[in-house]
Amino acid sequence: MLLAALPLCVYSSASAQVRKDQAAEADKKQDPLAKARAQFAQNDLQAAETSLWKVLGTNPDQAQALTLLATIRGRQQRYAEAEALFRRVLQIDANSVLARRGLGNALIAENQPEKALEQFKAAMDLAPSDLGLKVETAHLYAGSGQFEQALSVLKSIPPNRFPVEAIPVKAATLLALGKSADTMTFPEQARNSPPAELELAEVFLDAKLADLALQCLDFAGANLKRRPARFYYLQGRAFQVKDQPEAAMGAFKQALAADPKSADTLVAMAELHAAHDQHLDAVAALQKALALSPDNVIVLRHLVVEATKAGKGQLALDASSALAAKSPENPDDLYLAGAAMLQQNTAGASTVFEKYVALRTDNAKAWLGLGMAYVQQKRYADARAPLERSVQLDPNIAEAEYQLGVVEKNDGHSTEAIQHFQRAVKLQPQHAKALWSLGNLYLQSGDLQNAQDTLLAAETIDANNPETEYDLGLVLSKLGKPELAKEHFARFQKLKGEPPPAPRVDQ
């Protein structure tokens with residue numbers, strides 16, 4: 001027989017080719033959308049996207065394919081694209097629960113929790129029996145401080161169907177509403193769920209209840225074959241709350257060993273360093289965290305503060321600019337970024353404070369910050385209105401009065417400037433700059449005794465201001481005290497590194 005005469009290897013090769021041809025034919029016939037779903041389930045995102053484009057190439061409005069593509073973009077952390085795709089799906093099908101949920105998650109990733117909540121509420125209305133949606137919505141309510149609403153959502157879940165993953169958010173909500181942790185009871189199922197116990201531990205840590213958090217970690221550890229990085233991270237935070245820094249750092253190092261790419265752990269280590277005034281070490285940890293998570297606004301917030309305290313001006317400025325750019329709708333982030341920019345004397349501060357006061361019009365210190373930013377840029381006409389608004393909102397801010405004095409002085413209104421500087425000193429007697437400015441104007445007006453007294457007070461507070469020394473030299477010369485005047489001119493020269501200028505004509 002011919003078949004029998006063929007070598008076995010040739011027969012096997014032919015059979016394999018037949019199978020390949022059959023598989024290729026089956027692959028051609030397979031629905032590309034179903035194929036994309038299977039590839040996505042295997043986390044083969046590139047192959048899944050290729051399959052989806054075959055669908056969308058012939059039908060660009062295929063809602064299911066767009067939804068899966070949006071989900072892939074979310075998995076790739078391309079959140080702006082994910083948002084746009086989910087919105088496109090909702091234009092096609094406004095009742096798509098998957099698109100509402102996906103859009104909500106994309107908005108969370110883009111630091112827009114209020115807009116995300118709107119999408120989850122809409123999804124919950126479309127699928128009222130979806131317990132997962134209820135839990136996620138309750139999380140969002142609790143995260144935005146709307147605890148009554150969070151509890152209302154949780155109460156809508158039948159007790160016999162209450163999911164274990166809802167227990168931590170319920171605990172957080174009850175604690176926020178003033179209920180004592182000692183009076184809380186949780187289903188036994190939580191004790192057998194390490195993820196729930198870890199979540200509970202974090203809830204108790206946020207409430208500074210370290211002992212309860214450690215109890216939860218004990219329960220979780222008893223049911224874990226291998227303790228994950230998050231276990232040690234939470235343990236470190238608990239020791240941190242209990243003011244046990246060595247134990248905390250040890251736990252954080254274990255967490256980092258288990259997950260070297262944990263930005264949360266690096267931030268926690270930075271906080272520990274910062275609490276002990278080790279600001280350079282804190283900066284080093286935060287820079288590592290930022291390298292791992294460049295868009296992490298929590299890392300940027302800490303880095304702004306710690307770089308400023310460590311004297312790393314350019315780094316603080318870079319972090320401030322990034323924070324303002326990545327969190328433009330968060331007033332607190334804008335204020336922090338603006339304040340750091342103001343301290344670094346950069347023009348960007350005014351832009352950031354302009355955005356802030358547009359969001360919160362009743363913050364006196366923010367209006368002060370905007371006015372100060374304009375003063376730094378010598379935009380005195382622009383500075384007047386925000387500074388006056390600051391004083392109107394809070395008449396007890398000495399710096400606002402001082403800055404208004406600077407504006408009036410530069411506009412040539414000496415009498416008005418003196419009034420503002422006097423009010424600044426009355427509100428804050430140790431305000432050295434206000435005292436020097438006031439003494440300088442007294443000198444210019446010929447009120448030599450008040451000039452001497454005020455400048456000496458300024459010198460007592462800040463002995464390193466060369467302008468104070470120069471003006472004291474002038475005053476004492478005019479008062480007929482040349483020897484004392486020489487002493488102050490000598491101090492001016494030492495501080496300034498140059499001889500004193502010739503007295504001005506008006507002095």
Side-chain angles (χ1 to χ4, degrees), residues 70 73-87 103-119 143-144 261 263-264 266-267 270-271 274 279 282-361 363 365-374 376-377 379 382 386:
R73 290 289 179 264
R75 187 78 66 84
Q76 294 169 332
Q77 298 183 9
R78 294 159 64 176
Y79 300 117
E81 294 175 57
E83 178 189 347
L85 285 165
F86 281 126
R87 290 193 186 280
L103 178 55
N105 284 322
L107 291 167
I108 290 171
E110 293 177 298
N111 197 30
Q112 300 182 58
E114 293 180 2
K115 292 181 179 179
L117 185 54
E118 292 175 6
Q119 297 302 322
S144 62
K261 296 184 177 181
D264 287 343
L266 287 164
V267 169
E271 289 176 339
H279 301 297
V283 166
L286 290 167
Q287 286 182 297
K288 290 179 183 177
L290 190 64
L292 293 168
S293 184
D295 296 326
N296 191 321
V297 295
I298 295 175
V299 175
L300 287 169
R301 287 171 194 153
H302 283 281
L303 188 55
V304 170
V305 174
E306 291 307 310
T308 300
K309 291 182 177 179
K312 300 287 186 179
Q314 187 58 51
L315 181 59
L317 185 57
D318 291 343
S320 299
S321 300
L323 181 61
K326 296 180 188 303
S327 189
E329 296 187 17
N330 185 315
D332 294 334
D333 287 341
L334 290 175
Y335 187 89
L336 176 61
M341 290 178 178
L342 193 63
Q343 188 164 334
Q344 299 302 324
N345 195 13
T346 178
S350 60
T351 302
V352 174
F353 277 118
E354 285 167 354
K355 293 178 181 177
Y356 180 96
V357 297
L359 294 169
R360 288 186 181 167
T361 61
N363 188 318
K365 289 186 177 180
W367 285 107
L368 168 61
L370 179 57
M372 290 174 67
Y374 287 148
Q376 284 185 349
Q377 298 171 51
R379 294 167 57 184
D382 293 328

task = Begin with the C-alpha distance, continue with both residues' side-chain angles, and end with the deciding distance and a verdict on side-chain contact (heavy atoms from CB on, under 4.5 Å) for Leu107 and Glu118.
result = CA-CA 10 Å; Leu107 291 167; Glu118 292 175 6; over 6 Å; no
Scan the side chains in residues 328-340 for donor-acceptor partners under 3.5 Å anywhere in the protein, sequence neighbours excluded, and list what turns up.
{"from": "Asn330", "atom 1": "OD1", "to": "Asp332", "atom 2": "N", "distance (Å)": "3.0"}
{"from": "Asn330", "atom 1": "OD1", "to": "Asp333", "atom 2": "N", "distance (Å)": "3.1"}
{"from": "Asp332", "atom 1": "OD1", "to": "Arg360", "atom 2": "NH1", "distance (Å)": "3.0"}
{"from": "Asp333", "atom 1": "OD1", "to": "Arg301", "atom 2": "NE", "distance (Å)": "2.6"}
{"from": "Asp333", "atom 1": "OD2", "to": "Arg301", "atom 2": "NE", "distance (Å)": "3.3"}
{"from": "Asp333", "atom 1": "OD2", "to": "Arg301", "atom 2": "NH2", "distance (Å)": "3.0"}
{"from": "Asp333", "atom 1": "OD2", "to": "Ser327", "atom 2": "OG", "distance (Å)": "2.6"}

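- Separating the NZ atom in Lys115 from the CD atom in Glu110 is a distance of 9.0 Å, to the nearest 0.5 Å.
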inquiry  = For a side-chain contact (heavy atoms from CB on, under 4.5 Å) check, start with the C-alpha distance between Leu286 and Leu266, then their side-chain angles and the critical distance, and finish with the verdict.
reply    = CA-CA 6 Å; Leu286 290 167; Leu266 287 164; over 6 Å; no
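- Side-chain atoms of Trp367 come within 3.5 Å of backbone N or O of Thr361 as a donor-acceptor pair.
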inquiry  = Run the side-chain contact (heavy atoms from CB on, under 4.5 Å) test on Arg379 and Ser350 for me, step by step, so that the C-alpha distance in whole Å, both residues' side-chain angles and the decisive distance to 0.1 Å come before the verdict.
reply    = CA-CA 11 Å; Arg379 294 167 57 184; Ser350 60; 4.1 Å; yes
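- Within 6.0 Å of the NZ atom in Lys326, the count of heavy atoms belonging to other residues, nucleotides or ligands exceeds 12.
- Listed here is the closest heavy atom pair of Ala310 and His279: CB-CB, 4.0 Å.
- Judged purely by atom type and a 3.5 angstrom limit, Thr308 uses its side chain to pair as donor or acceptor with the backbone of Val304.
- To the nearest 0.5 angstrom, Leu103 atom CG is 4.0 Å from Gln119 atom CD.
- Leu315 is listed as a side-chain neighbour of Gln287, based on a closest heavy-atom distance under 4.5 Å.
- Counting only heavy atoms from C-beta outward, the side chains of Leu290 and Asn296 never approach each other to under 4.5 Å.
- Side chain of Gln376 to main chain of Leu342: a donor-acceptor pair is present (N/O by atom type, distance under 3.5 Å, no hydrogens or angles).
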key: Chi angles and distances behind the side-chain contact (heavy atoms from CB on, under 4.5 Å) call for Glu354, Tyr374   = CA-CA 11 Å; Glu354 285 167 354; Tyr374 287 148; 2.5 Å; yes
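- Between atom CG of residue Leu370 and atom OH of residue Tyr356 there is a gap of 12.0 Å, rounded to the nearest 0.5 Å.
- Rounding to the nearest 0.5 Å gives a distance of 12.0 Å between CG of Asn111 and OH of Tyr79.
- Taking both residues in full, the closest heavy atoms of Pro294 and Leu300 are given as O-CD1, 4.4 Å, listed atom of the first, atom of the second, then distance.
- Smallest separation of non-hydrogen atoms from Ala116 and Gly104: CB-O, 3.3 Å.
- Taken from CD in Glu306 to CD in Glu271, the straight-line distance is 9.0 Å, to the nearest 0.5 Å.
- A pairwise comparison of heavy atoms in Ala316 and Gln344 identifies CB-NE2, 4.4 Å as the closest pair.
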